[in-house]
There are 2 protein chains.
Amino acid sequence: MTSDSIARFRRFARAVTAEVGALDSSFLGRGRPLGAARVVNAIGAGRMDVAEIRAYLNLDSGLMSRLLRSLEDEGLVTTEPHPDDARRRVARLTEAGRREFSAYEGLSDARASALLERAPRAEELLRAMDLVALTLGRDRITIAEADARSEAARSCLEAYYAELARRLETGFDVKLSCDPEAEAMVRPRGAFLLAMADDLPVGCVGLKGSGGPVAEVKRLWIDPAARGFGLARRLMQAVETAARELSVAVLRLDTNSALPEALALYRKTGWVAIDRFNDDPYPDHFFEKTL
Amino acid sequence: MTSDSIARFRRFARAVTAEVGALDSSFLGRGRPLGAARVVNAIGAGRMDVAEIRAYLNLDSGLMSRLLRSLEDEGLVTTEPHPDDARRRVARLTEAGRREFSAYEGLSDARASALLERAPRAEELLRAMDLVALTLGRDRITIAEADARSEAARSCLEAYYAELARRLETGFDVKLSCDPEAEAMVRPRGAFLLAMADDLPVGCVGLKGSGGPVAEVKRLWIDPAARGFGLARRLMQAVETAARELSVAVLRLDTNSALPEALALYRKTGWVAIDRFNDDPYPDHFFEKTL
DNA sequence: CATAATAGCTGACCTTAGTCAGACATTATA
DNA sequence: TATAATGTCTGACTAAGGTCAGCTATTATG
């Protein structure tokens, strides 16, 4: 690693330290120490189990307990024993607590918004931030099943179609392609999987089934900022697992030689080239894998 | 600003918070509270005047004084009155202090290096970090005079040549162009200015003089990650100021229509198109400005 | 059923960071 | 030369974060 690279990295660290410090201090300014504000936000973000909050915020049990008492005194939080295990406790925001949480969210959103509006080329800045955030947080990316008709799924599919249109010499019009109706990618006939980074989708793959022993893998796509982390392989493994659960014996897929990284992945992971099995105008390579 | 953009910004903030927190905590782990470590690093980075360190780290004078005493007790720092003004004090690292500073630097460098080595496409990641760092720190970019033969200047010039080679249809070979020998861009004949962000150069411009009343502006270049902040305009203003100091009455420059943003800037800032005044093969537009 | 493990609570205590008023020496200014 | 301003230092004080031993209640386990 060159010293110039390291200097650039450290310039980055200095610049974001100031910005992140300012984000942190947006947790202040509402008459409450940072620790208590962080607890309100952890609960607001859906963490309820006290031990879970403690682990997330890295707090001593004594400190955590005191923070919860002070928030109860303020009327922002109620606690009650965990229904399954009375040693544990769960915390909930009161109506006032939810208002405080919204206020904190609003402050963070406003700061983000102000920064983005001041930036020339905001979309380029966001893509740069995506790349940094995903590289730093690559180990926290999870694979989860989702409805193919959900907003997160649709945003991935649109990005996929746009990328095909850019990369295929012929362009790409989803209406001319074999567009699997979303129902074919919903259980029990099929499935749809998303790679999620911090509640934002960064990749997808669909399993288009018919109820029979043969199903098709469709719509494998990874956000450009998340490439190189092995997500495509993880998604393909997950879709194979889902196919096995649905008693699928044979998987098929079609793809295009303009997507060499996809071809390489299929060849490396046990897929076998077969003859054309549909009349879709776009693909020029066809693969099969027996499960 | 869309809610999706804001969510992406906040994902970025979360990801770097963890990383920056880790960077901060590399200031810990050497048996010294964060405040004292930050003072050691400020002095090591060349800040000597106590008031200057205080302003930089945003510290109360009482706290600063105590931190310096504790560092003196540790044998890391000595202080003495400022030679010009005995009210002020200057702080210096002792030999042991310099060792501590090096240790902190080593920890930060190691962390940066480890992260970059783990990243696929490290250069793309660095460019993304540059864009984020420069956008966040745009108000801290300064214009300073530098030697045209210095390393910082040379790295800008090389980037400039590479960009010309990319953007001119004919390509660009600096040997075929009127390459001003560096001496012509050094005082008292000329000048060379750099835009600096955190000790790294992000833009340059040269003033090529002959000692006479006519001089030439050369090599205006801005790092792609720093475009849109008005740096070109600032550099041009600075080079005009430098020219006036050198008693230059008339400035000239040549440029190419493949660089429309440069042409637009010159036209907006009082430059007048003139006839070709050299036989350089690359430029196709020529401008003049009377100071 | 006795014992161990788990989860949280409480009180005592410590460190770090930060604030503020006042003291002191020095320098700038009317 | 008197006065104001500047820069640092000291002592007194506070808030916030954090640690630890011991307590209670509950659940898991041999």
Side-chain angles (χ1 to χ4, degrees), chain A residues 17-18 20-22 24-43 47-74 76-92 104, chain B residues 17 21-22 24-43 47-74 76-92 104:
Chain A
T17 298
V20 162
D24 256 9
S25 72
S26 80
F27 272 4
L28 304 169
R30 292 192 66 78
R32 192 170 299 111
L34 183 59
R38 297 211 306 155
V39 172
V40 168
N41 280 275
I43 302 172
R47 268 168 259 266
M48 302 172 55
D49 204 295
V50 170
E52 184 192 353
I53 300 170
R54 219 149 66 64
Y56 173 65
L57 298 178
N58 217 335
L59 293 175
D60 174 85
S61 75
L63 183 50
M64 179 75 207
S65 179
R66 259 180 288 273
L67 289 173
L68 280 175
R69 288 306 82 68
S70 81
L71 289 171
E72 282 182 328
D73 291 348
E74 272 195 274
L76 301 183
V77 162
T78 57
T79 61
E80 58 198 276
H82 191 288
D84 298 343
D85 181 347
R87 290 170 302 182
R88 289 191 285 165
R89 311 214 90 202
V90 291
R92 257 179 245 286
Y104 285 124
Chain B
T17 297
D24 254 10
S25 70
S26 81
F27 272 4
L28 303 170
R30 293 192 64 78
R32 193 172 297 110
L34 184 59
R38 297 211 308 154
V39 171
V40 169
N41 279 276
I43 301 172
R47 270 168 259 265
M48 303 171 54
D49 205 296
V50 170
E52 184 192 352
I53 300 169
R54 219 150 63 64
Y56 173 66
L57 298 178
N58 218 334
L59 294 175
D60 174 82
S61 75
L63 182 51
M64 179 74 206
S65 180
R66 260 180 286 273
L67 290 172
L68 280 175
R69 286 309 78 70
S70 82
L71 290 171
E72 281 182 327
D73 291 348
E74 272 196 273
L76 302 183
V77 162
T78 57
T79 61
E80 57 197 277
H82 192 288
D84 298 344
D85 180 347
R87 289 170 303 185
R88 291 191 283 166
R89 313 214 88 201
V90 290
R92 256 178 247 286
Y104 284 125

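All heavy atoms count here, side chains included; hydrogens, waters and symmetry mates do not. We name chains A, B, ... by the order of the sequence lines, and we start the count at 1 in each one.
Nearest heavy-atom pair across A/P81 and A/R89 is CD-NH2, 3.7 Å. When all heavy atoms of B/M48 and B/E52 are compared, the closest pair comes out as N-OE1, 4.0 Å. Summarising the geometry of A/A36 relative to A/L67, their closest heavy-atom pair is N-CD2, 3.8 Å, with the distance given to 0.1 Å. B/F27 and B/Y104 make their closest contact through O-CE2, 3.3 Å (heavy atoms, listed as atom of the first residue, atom of the second, distance).
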Just the atom pairs and distances: protein N or O near nucleotides 27-30 of chain D's N or O, under 3.5 Å.
from   : atom 1 : to    : atom 2 : distance (Å)
D/dT27 : OP1    : A/A86 : N      : 3.1
D/dT27 : O4'    : A/R87 : NE     : 3.4

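To the nearest angstrom, P of C/dT26 lies 11 Å from CZ of B/R89. Rounded to an integer number of Å, the gap from B/E52 CD to D/dT8 P is 11 Å. When rounded to the nearest whole Å, the span between CZ of A/R38 and P of D/dA16 equals 15 Å. Atom CE in A/M48 sits roughly 17 Å away from atom C1' in C/dA7 (whole-Å rounding). Remark: P of C/dT6 and CG of A/D49 are 15 Å apart, rounded to the nearest angstrom. Taking atom CD of residue A/E80 and atom C1' of nucleotide C/dA7, one finds them 16 Å apart after rounding to whole Å. Atom CG in A/L34 sits roughly 10 Å away from atom C1' in D/dG17 (whole-Å rounding).
Sorted by residue number, the members of residues 60-71 of chain A with any non-hydrogen atom under 4.0 Å from DNA chain C read A/S61, A/G62, A/S65, A/R66, A/R69.
For the salt bridge (Lys or Arg N to Asp or Glu O under 4.0 Å) with B/D49, the lone residue among B/R88, B/R92, B/R87, B/R54 that qualifies is B/R88. Partner A/V39 forms a side-chain contact (heavy atoms from CB on, under 4.5 Å) with one of A/V50, A/V77, A/L63, A/L59 and no other, that one being A/L59.
Using a 4.5 Å cut-off on side-chain heavy atoms (C-beta onward), B/M64 and B/L57 make no contact.
Taking only side-chain nitrogens and oxygens, B/R54 comes nearer than 4.0 Å to OP1 or OP2 of D/dT8.
Under 3.5 Å, the side chains of B/R69 and B/S65 contain a donor-acceptor pair of N or O atoms.
Note: B/L68 CG to B/D73 CG = 11.0 Å, rounded to the nearest 0.5 Å.
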